[in-house]
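Following: one structure in C-alpha cells, then a few remarks.
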Protein chains: 2
Amino acid sequence: MLKSKASPISLEQRNATRLRVLEHIRTKGAVPRIEIASALQTSPATVTAATADLISAGLIKEIESEAQSKSGKRGRPKVLLQLDGQSFLVAGLKIARQMISIILVDFEGNEVTSHKFPLDNARMSPTDFVSTIQKALEETCAKIGGSVGQLAGVSIGVAGQVDASRNFVHWSSSITERNFDFRSLLSNQLPCPAFIENDANLVAKAEQLFGLGKGLKNFLVVTIEHGVGLGIVLDGKLYRGERGCGAEFGHTKVQLDGALCQCGQRGCLEAYVGDYALLREMTVTGQNNELKTASDIHDRAFSGDERAASVLARAGQMFGLGVSNLINLFDPECIIVSGTQKSFEHLCTDEVMARIRNGVISVDAALPDIRVHHWGDLMWAKGAAAYGIEQISILKVKELAANAS
Amino acid sequence: MLKSKASPISLEQRNATRLRVLEHIRTKGAVPRIEIASALQTSPATVTAATADLISAGLIKEIESEAQSKSGKRGRPKVLLQLDGQSFLVAGLKIARQMISIILVDFEGNEVTSHKFPLDNARMSPTDFVSTIQKALEETCAKIGGSVGQLAGVSIGVAGQVDASRNFVHWSSSITERNFDFRSLLSNQLPCPAFIENDANLVAKAEQLFGLGKGLKNFLVVTIEHGVGLGIVLDGKLYRGERGCGAEFGHTKVQLDGALCQCGQRGCLEAYVGDYALLREMTVTGQNNELKTASDIHDRAFSGDERAASVLARAGQMFGLGVSNLINLFDPECIIVSGTQKSFEHLCTDEVMARIRNGVISVDAALPDIRVHHWGDLMWAKGAAAYGIEQISILKVKELAANAS
DNA sequence: GTAAATATTTTACCGACTGAAATAAATATG
DNA sequence: CATATTTATTTCAGTCGGTAAAATATTTAC
C-alpha cells in the first residue's frame with residue numbers, strides 16, 4: 001500500500017461527494033446514475049466514480065430493472081442503484097428507566113429482530129452501563145443465532161446531555177457519573193464502533209432517514225414520552241447547540257412563575273404536558289389512585305370525565321403555545337410530532353392544531369406542515385439505529401478513501 | 001480573455017477560500033500570512049495565492065510592521081495584512097416610520113458621514129420607495145462632496161419579511177405593495193449593487209462583523225426598538241428559516257391567551273415589552289397623556305413612581321422569560337441584546353439577568369454570555385452597512401475569479 | 001561576515017471534478 | 001435482419017485548487 005499524498009481537502013471533498021450520493025440513494029430508493037448526477041448537480045463521470053466506490057464497499061448495489069422493457073423507450077436502459085440492505089447489521093439501543101430496548105436493523109433500516117432487556121437499576125456506573133449493554137446485545141444477537149461480532153456498529157440513545165462527536169456524556173439519568181468519556185470503555189468492550197447520542201436527536205435522525213423528514217432540509221422533531229423533547233435539523237444536519245446538548249424544549253417557559261417542574265423551575269412546558277404533570281393535576285380531583293399513566297387519563301376523559309378532559313385540554317393548549325413558538329422562531333419546513341404511545345392523542349387534536357396555527361405570525365407563504373407520527377414502542381431504538389447507520393456509512397466511506405492509496 | 005474551463009466546484013472552492021481569508025483578516029485586524037494559514041488550517045502557499053488576489057482586487061493591503069524590530073526575534077519579519085479601508089464606500093440605510101437613516105462607511109466599516117432624511121409617508125409604493133432612497137443617498141453623498149456614483153454598494157434595512165437572496169420583499173411596513181421583487185427597480189435606479197434585508201438580521205450582521213459577535217459562530221441578537229426582533233447566526237451564517245423571513249421573537253407567546261398584541265394575537269412577548277404595550281399599561285394609571293415613549297416611563301419610574309416601576313418590572317420579567325426560552329432552544333455561544341435608546345435599560349437589570357439565568361436548564365458548561373450593546377441611533381443603518389460590506393466582498397471575490405481567465 | 005531562524009514565494013505534483021469522446025445497450029425503421 | 005437513433009454509462013485527457021518541499025528573502029545571533 002503506497003502512502004497517499006492526497007491533500008486533506010481533496011479527501012474531504014471526495015468523501016462528501018460519496019456521502020451525498022449515498023444519501024441520495026437512501027432517500028430516493030432505486031435511482032439510475034444519470035438522475036443522481038442531475039439531482040446533485042454534478043457530472044455523470046463523477047457519479048460513475050462515486051458509485052463504483054460505494055459498490056466496492058458493499059454499501060449499494062445495482063439491481064435489475066424489470067420495468068425496463070415496459071418503458072418502451074429507446075436507448076441504453078437505466079441501471080438502478082439501491083442500498084445494499086444485506087451489507088451491514090446495526091444495533092440501536094434506547095436506555096430507559098426500566099429496560100433497554102434493542103433493535104437490529106440491516107443497512108436499509110429494516111428490522112431484523114428486536115429485544116427488551118429489563119433493568120434493575122435505572123442508574124448505573126459507566127462500567128456497569130457498558131457491560132449491561134453488552135449483555136443486552138448478546139441476548140439480542142442470540143435471537144437470530146448470531147453474535148455481537150457480526151455487528152457493524154452499535155448506537156446508544158440516552159436521555160440527557162451528550163456530546164455525540166466525542167462519545168462524551170455530560171449528564172444522563174441512566175448514568176451515575178457526570179462528564180464521562182465513553183470512548184475507551186466502548187472501544188475496549190465492544191467489537192465494533194459504538195456511538196452515544198441524546199435520544200431526542202436520535203428520533204430526529206430516524207425521521208430524517210426513514211420517517212416523515214425524509215429529504216427535508218429544515219425541520220423539527222418534537223418527541224413525546226414522559227416528557228417533551230426536541231430534535232432540530234437545520235440544513236440537513238442535526239443542530240446540537242454550542243454546548244452539544246439537546247434543545248430543552250420541555251423546559252421552555254410557557255407561564256411566568258407557573259407550575260412547578262421536576263427540574264425545580266416554574267412554568268416549564270413539561271410541567272403542564274408531562275405525564276407527571278397530568279397525574280398531579282388529577283390528584284386535585286381525588287382520583288389519581290387508580291391512574292398511572294397519561295393513557296389512563298385519556299381513557300377517563302373519553303368516557304366522559306370532564307375533569308380529566310379539562311386536564312388534557314389544558315395540556316394541549318400549553319403544548320400548542322410551545323409549538324407555535326417553535327415555528328415563530330425556527331420557521332421550519334415541517335414540524336413532526338413523534339410519540340410511541342397513544343397517550344399523546346390529546347396533543348394532536350384539531351383544537352391544538354388550530355391553536356398552533358393561530359399562534360404563528362402569518363406570512364403569505366403557507367404554514368409549515370405539522371405531521372404527527374405514531375411510532376411503535378421501538379421508536380427510540382429505531383432512532384438509535386438510524387444514527388448508527390449514518391455513522392457507519394461515514395466510517396465506511398472514510399475507509400474507502402484511506403484504502404484507495 | 002480566454003474562455004475558462006474551470007469547473008464550477010473549483011471556482012466555488014476558490015471563492016470560499018478567498019472569502020475565508022478576507023473574513024479572517026476582518027475579524028483579526030492586522031495579521032501575517034503565516035497566522036492566517038495556521039488559523040484556517042491551510043498551507044502558506046494557498047494563503048500567498050489568496051492574499052495576492054485580494055490585494056490585486058484592492059480589498060486588503062500590506063502594512064509596515066513598525067513593531068517588528070522591537071520583537072527582537074530572528075527570522076524574516078512577518079508582513080502584516082489589513083483591510084484596505086479606502087477601497088470602497090458603502091451606504092447603509094434604515095427605513096423607519098418618520099425618516100431614513102443613512103450612513104456611509106469605508107470598507108472597514110468606519111463612518112465617513114451620516115444623514116437623516118425625513119419621511120412624510122411611512123408607507124410608500126415601491127417606485128416612490130426607491131426614488132426616495134435615491135434622493136436620500138444623493139443628499140448624503142453631497143455632504144462629503146461626492147456623488148452616488150462613487151458608492152460600491154447600497155444596503156437597505158426594512159422592518160418586515162424579506163427574502164434577501166432575491167431582493168424580494170414579502171411584506172414590509174414601509175411599502176404599500178406585498179410580494180414585490182425589487183431587483184430590476186433597484187438595478188435600474190441605482191448605479192451600484194443594492195441589497196434589501198430585514199432590519200433585525202442586519203443588526204446581527206453588524207454584531208458579527210464589527211460588534212460583540214466578532215468571531216463567534218453561534219449567537220443570537222435580540223434587537224429592541226419599538227418592538228422586539230431577533231437575528232440568528234448559526235455556524236457563522238445568518239439563519240433565515242424556510243420561508244426566508246426573520247424569526248418572530250416578538251410574537252412568541254409568553255402567556256396563554258394573554259395581552260392583546262398589535263398583530264391581533266394574544267400573549268405575544270411584544271404585547272408585554274413593546275413601547276405601545278408599556279404606554280397602554282400606563283393608561284390604567286391615568287397618566288399616559290404626558291407619556292410618549294418608554295423612556296418617559298423609565299424617567300417616571302426612576303423618580304419614584306411605583307406604578308411606572310411595576311410596569312417596567314413586568315416587562316422585564318416577560319423579557320427574561322423569552323430570552324431564557326431562546327437559550328433553552330438554541331443553546332447559543334452568546335446572546336447580544338442590542339438597542340439604540342436608553343429606553344431598554346429596564347430589560348437589562350440584574351433582576352432580568354437573574355431571571356434569564358434561572359430560566360435556563362443548567363448544564364455543567366457555563367451559561368452563554370449575555371451581552372448588552374448600547375448603540376447610537378445609527379445602529380440599524382450600521383447594520384445595513386455591515387451587510388453591504390459583506391455582500392460587496394462576495395461580489396468582488398466573484399469578479400476576481402471571473403477575470404482570472 | 002556567517003550561521004540560524006523565520007516568513008514568504010516558487011515549483012512540481014496530486015487528485016477531484018469535468019467535458020467530450022467512446023462505448024454499451026436498448027428501440028425504431030425499413 | 002441490418003442499420004440508424006436514442007439514451008446511459010464509462011473512459012480519457014485536461015483544468016484547477018491545494019499541498020509539500022525546495023528555494024528565496026530578511027531578519028537576529030554570534
Side-chain angles (χ1 to χ4, degrees), chain A residues 2-21 30-53 55 62 64-81 397 400-402 404-405, chain B residues 2-21 30-53 55 62 64-81 397 400-402 404-405:
Chain A
L2 301 167
K3 59 176 169 179
S4 164
K5 274 182 67 176
S7 77
I9 289 219
S10 290
L11 258 182
E12 254 173 58
Q13 191 176 349
R14 178 197 175 101
N15 286 352
T17 303
R18 302 289 177 275
L19 282 174
R20 286 204 315 145
V21 170
V31 279
R33 288 176 178 80
I34 187 98
E35 278 176 25
I36 299 174
S38 74
L40 301 187
Q41 305 231 64
T42 187
S43 72
T46 301
V47 176
T48 293
T51 53
D53 279 0
I55 289 172
E62 297 188 339
E64 297 306 316
S65 48
E66 335 87 28
Q68 188 65 32
S69 45
K70 294 179 212 159
S71 76
K73 282 194 307 184
R74 281 207 270 202
R76 178 173 174 170
K78 303 174 202 289
V79 179
L80 299 182
L81 298 166
V397 167
L400 203 49
S405 62
Chain B
L2 301 167
K3 60 177 170 180
S4 162
K5 275 183 67 177
S7 76
I9 289 218
S10 289
L11 257 183
E12 255 173 58
Q13 192 176 348
R14 178 196 175 100
N15 286 351
T17 303
R18 303 287 177 276
L19 282 173
R20 285 203 315 145
V21 170
V31 279
R33 288 176 178 82
I34 188 101
E35 278 176 24
I36 299 175
S38 73
L40 301 187
Q41 305 232 67
T42 186
S43 71
T46 301
V47 176
T48 293
T51 53
D53 279 0
I55 288 171
E62 297 188 340
E64 296 306 317
S65 49
E66 334 90 29
Q68 189 64 34
S69 46
K70 291 180 216 160
S71 77
K73 283 194 307 185
R74 281 206 272 203
R76 179 172 173 171
K78 303 172 202 288
V79 179
L80 298 181
L81 297 166
V397 168
L400 202 50
S405 62

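Naming: A, B, ... by sequence-line order, numbering from 1 per chain. Nothing here was measured: the structure is a model prediction, and the numbers come from that model.
Rounded to whole Å, the distance from CG on A:Asp53 to P on C:dG15 is 14 Å. If you measure from atom CG of B:Leu81 to atom C1' of C:dA7, you get 12 Å, rounded to the nearest angstrom. Rounded to an integer number of Å, the gap from A:Gln13 CD to C:dT18 P is 9 Å. Here C:dC17 presents its P atom at 12 Å from CD of A:Glu12, a figure rounded to the nearest Å. As a whole-Å value, the separation of B:Ile36 CD1 from C:dA7 P is 13 Å. Atom CD1 of B:Ile9 is separated from atom P of D:dC16 by 15 Å (rounded to the nearest Å). Rounded to whole Å, atom P of D:dG17 lies 14 Å from atom CG of B:Leu19.
Taking side-chain N and O atoms only, B:Thr42 has a distance below 4.0 Å to OP1 or OP2 of D:dT19. Side-chain N/O atoms of B:Thr17 include none lying less than 4.0 angstrom from OP1 or OP2 on D:dG17.
Of all the heavy atoms in A:Leu11 and A:Ala401, the pair that sits closest is CD2-CB, 3.4 Å. In terms of heavy atoms, A:Arg20 sits closest to A:Leu40 at NH2-O, 3.4 Å. Smallest separation of non-hydrogen atoms from B:Ala50 and B:Arg18: CB-NH1, 3.5 Å. The minimum heavy-atom distance linking A:Thr48 with A:Thr51 is given by the pair O-OG1, 3.1 Å.
Checked against C:dT18, D:dG18, C:dA16, the side chain of A:Arg14 finds its nearest nucleotide in C:dA16.
For the side chain to side chain contact (heavy atoms under 4.5 Å, CB included) test, residues two or more places apart in sequence or in another chain that qualify with B:Ser43 are B:Ala45, B:Thr46.
Comparing the helix axis at one end of the helix from C:dG1-D:dC30 to C:dG30-D:dC1 with that at the other, each defined from 5 consecutive pairs, gives an inter-axis angle of 20° (nearest 10°).
Here the side chains of B:Val79 and B:Pro32 are not in contact, with every heavy-atom distance at 4.5 Å or above.
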Scan nucleotides 6-9 of chain D against the protein and return all N/O pairs shorter than 3.5 Å with their distances rounded to 0.1 Å.
| from | atom 1 | to | atom 2 | distance (Å) |
| --- | --- | --- | --- | --- |
| D:dT6 | O2 | A:Gly75 | N | 2.9 |
| D:dT7 | O2 | A:Arg76 | N | 2.6 |
| D:dA8 | OP1 | A:Lys78 | NZ | 2.5 |
| D:dA8 | O4' | A:Arg76 | O | 3.1 |
| D:dA8 | N3 | A:Arg76 | NH1 | 3.3 |
| D:dT9 | OP1 | A:Val79 | N | 2.9 |
| D:dT9 | OP1 | A:Val79 | O | 3.3 |
| D:dT9 | OP2 | A:Arg33 | N | 3.4 |
| D:dT9 | OP2 | A:Ile34 | N | 2.7 |

Review point. Given the rule in the side chain to side chain contact (heavy atoms under 4.5 Å, CB included) test, do A:Glu62 and A:Leu81 qualify, once you have shown the distances and angles that lead to the verdict?
Key: CA-CA 5 Å; A:Glu62 297 188 339; A:Leu81 298 166; 3.6 Å; yes

